[in-house]
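Down below is the structure, laid out as structure tokens.
Just so we're on the same page: letters track the sequence lines, and every chain starts at 1.
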Amino acid sequence: MPRGCSDWHGTRAALRNGGGRLVPIPERALDGLPEFGRGGLSRRDLLAGGVGLLLAANGMPGLTTRGVLEAAAAQAADAPDAPILVSLYLDGGNDGLNTLVPLGDARYAELRSRIGVDPATALPLGDTPGFGWHPSLAGLRELYDAGKVAVLPAVDYGHPDQSHFNSGGYWRSGIVGPAPDRTGWLGRTLDAVGTRDNPLQGIHVGWGQDPSLNGKHAPVASVSSPSDFGFYIPDVWDEKAFLPTYRRLSRARAKHPSLAAVRRMYGNTIETHDRLAPLAGEEKPAPPPIAYPDTDLGKALGNLGRLLGAGFGTRIATVSSGGFDTHDAQATAHADLLQDLGDSLRAWQADLDARGLSPRVLTMIWSEFGRRPEDNDSGGTDHGAGGLLLLVGNRANGGVRSEFPGLTRLDDDENLVVTTDFRSVYATLLEDWLGVEAARVLPRVPGGSHLPLLRAA
Amino acid sequence: MAGATREAAMIERLWWRAGFGPRPRDLRGKRTHADLVHEFLHPRGATLEGPEPRVDGRPLSPANQYGQDVLWWLDRMVRGRHPLVERMTFNWHDHWATSNDKVGDVKLMMRQQRTLRRYALGNFRTLARAMVRDGAMQIWLDLAGSSDEAPNENFAREFFELFTLGANNGYTEKDIREAARALTGFTFDYDSKRFGFDPKQHDGGTKHILGRRGRFGPLDVVDLALENRHHAPYLCKQVWGYFSPRTPPPRLVKQLVSAYTQSGYEIAPVLSLILSDGALYADLEEPDMIKPPVVYVAGMLRQTGTYITTDDWVWMLDQMGQRPFYPPNVSGWEQNEAWLSTSALRMRFQAAASLLHDAIEDGAIPADRSPEQALEHSRTYAGEPWTSKATSSALASYSRLSVAGRDEKWEVKHYWPERERVLRQVLLAGPDAQVC
């Protein structure tokens, strides 16, 4: 864990103990902050108090500049206009080359002789000749044409590993190679900017746990359906009969990490239940302006829209969509997956617009790797490298925003050459969108890590 | 810990780690821990006991009814008389993780399950060779239809990475591609559902695999991987990992590897060492392994003497994160803390609640039942589970306070049974019940 932690916690403690005496930040506290916050939080913003930074006077002397900055970010977390990052994971290794199709590349048709997208059916990118969207992606194309999609082909890391397990693990932890612990990059982000008491600051929409949200301190929640999070025991009339006992047990000390983790998670679960109370009775939520597809992804995004709309202080949310490991019979399966993806995203953006949330929400769509440029004999594609990453949102810098390496020169494994390191994407999003110093979350950020992913508000 | 108590705690742990939890009588038996280990390793007699599962009054039909494959397996865990065989069969399902999500054929999945069961305590080489030829596996990892013209690497990659050597452990991308060539020739006809091997589609050329050179065929890949020096330590640690979340002590790994290799890849000697080793019984006073959902559910059914009469277990297991026959991916289920999330824990709570449905009627508890008696009755119902000091004292105070002052007739009628409903619930689903 980066050493900044003690600074931050000191700051939080000072904030809590400040008794409400509020002073503006002295300019000297911001010395040594030349480059931090190129987008999200700037020196100027801090001086102007633009993120609602309120510091107790007696908390100031012991604080480092970074402590001040991160206290601000922590405060911003509670602010109603705090930016939100949504991670949408395409599970299995999405075939980027058949999602954003390099129609202008002479080798595409030859490498994809069995499952290549017919150039006549692809949906052209108005501003970027030579590329077309898969014909099922009309929904995504609409968002792209509205300038709301930043496209990054060939994102991965050096010497990419073609195992789902390893590569997915690297993307989730934000660390290429063995990770020192179970934390994920989004969990560490919440450790830096989040609170210790609000599990809904980080939500995985689904049943399981998303390892990328694992943090050291920050509690997070998995919620599948927000109005269905009750605790019932048959013929027990009131949850008050048993929840106090469960709360007491969740706070008990444990000697070993397993029981300690269970108790902590029980505490989070009950806390999540308590906080979701406003949505518990919402039988028929207001319908979104564009209906979501009746798919797992459509439902998940619809539920996430309700959660974000309720204002629970969510900063990060994760959703995943499965089925992208298309080793065989890819053509129809992939078309269906992309149809679902494009339609769900279109409904998602319309829903966010209707809720007034779209200026605050950025959605990152990623996969653990791309697939082999040459299709296989089973009508599918094997594991490759250099996946396609998309950023969708009002603040996304619409257009193709990283280099496509072409299919003429492939790497030693006959895969796409990687032109952009995923950690550069993370670093940019952390600093420009979430207002967190990237080095606090990512131990090794590759050089030249700032990418033109966002545009001015 | 006193000798007799320690022995009892070891027996309880053995049932949870090497089986699917104890029934109440398993904890009251006269057999020693050593006797039990021997019995687990040398199963004899009938494999099942107790009433057959029924849903809506009808027997299961795993191949035809949605979700009944899951119930069928859960029933084996609940009624099985050979705990270690049942547990290892499931462990191998996790190891050779194959999902019906892609295979799409319950009969093939059941056939694979039978193979895993046959070799559950047997020879790993024999099992690995059977898995290469297993229909569900061949579809799952695209082995069927992989030909010399276009070898599919999926199986070869996972065979090294997950099944035999470990990620990046002694093999290269080149080895995977060469092994994929050696594994070509298997065929599958979708219409007739027949699997076969067509020598014409097999790449008969020379391959370089794991430092050896030859005209290798499919089953040679098994031997090449098993003979690799990275295999035995990897496999022994994997097997240990099914029994304990802790890193195995290096001296134990050495013993396991030597037992495994000297016996020619036999699993029973490895299991025998693991189940007898002190490292498995560390910290008996506070269990340190989080129960996988199938162990939690099957264990709860065994603790309470309940049999399967509903298919609700299918979606509940799914939402706890573990649906048999449907592992999330080829690396199987991630264990221990990975089971925990707010929604999965809520589902574990709900699973216990559904078990308690209709168990105590209003008016069924006499007004003179003391708090201590209420707790004792509840503990008996729940199969005398382990509880921490914190839980014991929280339950004792709940048992006192929940009915204090509730002396009206209608209150006695409802709240006295309600107290025991809650006590049972906490004993079956509370934090302590999640570890073993």
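By the 4.5 Å heavy-atom criterion applied to side chains, A/Lys255 and B/Glu285 are counted as neighbours. Residues B/Pro417 and A/Asp235 fail the side-chain proximity criterion, which asks for heavy atoms closer than 4.5 Å. Contact annotation: the side chain of B/Phe155 never approaches that of A/His327 to less than 4.5 Å [non-hydrogen atoms, C-beta and beyond]. Between A/Asp382 and B/Asn152, the closest side-chain pair of non-hydrogen atoms falls below 4.5 Å. The side-chain heavy atoms of A/His273 and B/Arg346, taken from C-beta on, include no pair separated by under 4.5 Å. For the pair A/His383/B/Arg157, a side-chain contact is recorded, criterion being any heavy-atom separation below 4.5 Å from C-beta on. Contact annotation: the side chain of A/Phe229 approaches that of B/Thr342 to within less than 4.5 Å [non-hydrogen atoms, C-beta and beyond]. A/Leu259 has its side chain within reach of B/Asp432: a pair of non-hydrogen atoms, C-beta onward, lies under 4.5 Å apart.
Distance CG/A/Asn376 to CG/B/Asn154: 9.5 Å, rounded to 0.5 Å.
Heavy-atom distances place both the backbone and the side chain of B/Asp288 under 4.5 Å from chain A. Proximity to chain B (any heavy atom under 4.5 Å) is shown, for A/Ala260, by neither the backbone nor the side chain. Looking at B/Val426, the atoms closer than 4.5 Å to chain A (heavy atoms on both sides) sit in the backbone and in the side chain alike. In this structure, chain B has heavy atoms under 4.5 Å from both the backbone and the side chain of A/Asp228.
Chain A forms the most heavy-atom pairs under 4.5 Å with one residue out of B/Met320, B/Arg348, B/Arg419, B/Arg177, and that residue is B/Arg177. Interface remark: of the candidates B/Arg421, B/Glu153, B/Glu418, B/Glu286, B/Glu286 forms the most heavy-atom pairs closer than 4.5 Å to chain A. Note on B/Met347, B/Gln425, B/His357, B/Gln434: by heavy-atom pairs under 4.5 Å with chain A, the leading option is B/Gln425.
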Item to check | Derivation and outcome, side chain to side chain contact (heavy atoms under 4.5 Å, CB included), residues B/Val422 and A/Thr245 | outcome: CA-CA 10 Å; B/Val422 171; A/Thr245 299; 5.7 Å; no
Item to check | Steps toward side chain to side chain contact (heavy atoms under 4.5 Å, CB included) verdict (B/Gln319, A/Ser224) | outcome: CA-CA 10 Å; B/Gln319 296 184 2; A/Ser224 184; over 6 Å; no
Checklist entry - So A/Gln162 and B/Glu161, side chain to side chain contact (heavy atoms under 4.5 Å, CB included) or not? Walk me through it. => result CA-CA 11 Å; A/Gln162 289 159 52; B/Glu161 178 185 326; over 6 Å; no
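Between the side chain of B/Ser341 and the backbone N or O of A/Trp207, at least one donor-acceptor pair lies under 3.5 Å.
A side-chain N or O of B/Ser388 and one of A/Arg263 form a donor-acceptor pair less than 3.5 Å apart.
Among all heavy-atom pairs drawn from A/Tyr232 and B/Phe349, the shortest one is O-CE2, 3.5 Å.
Between B/His414 and A/Trp237, the two ring planes are parallel [angle under 30°; tilted spans 30° to 60°].
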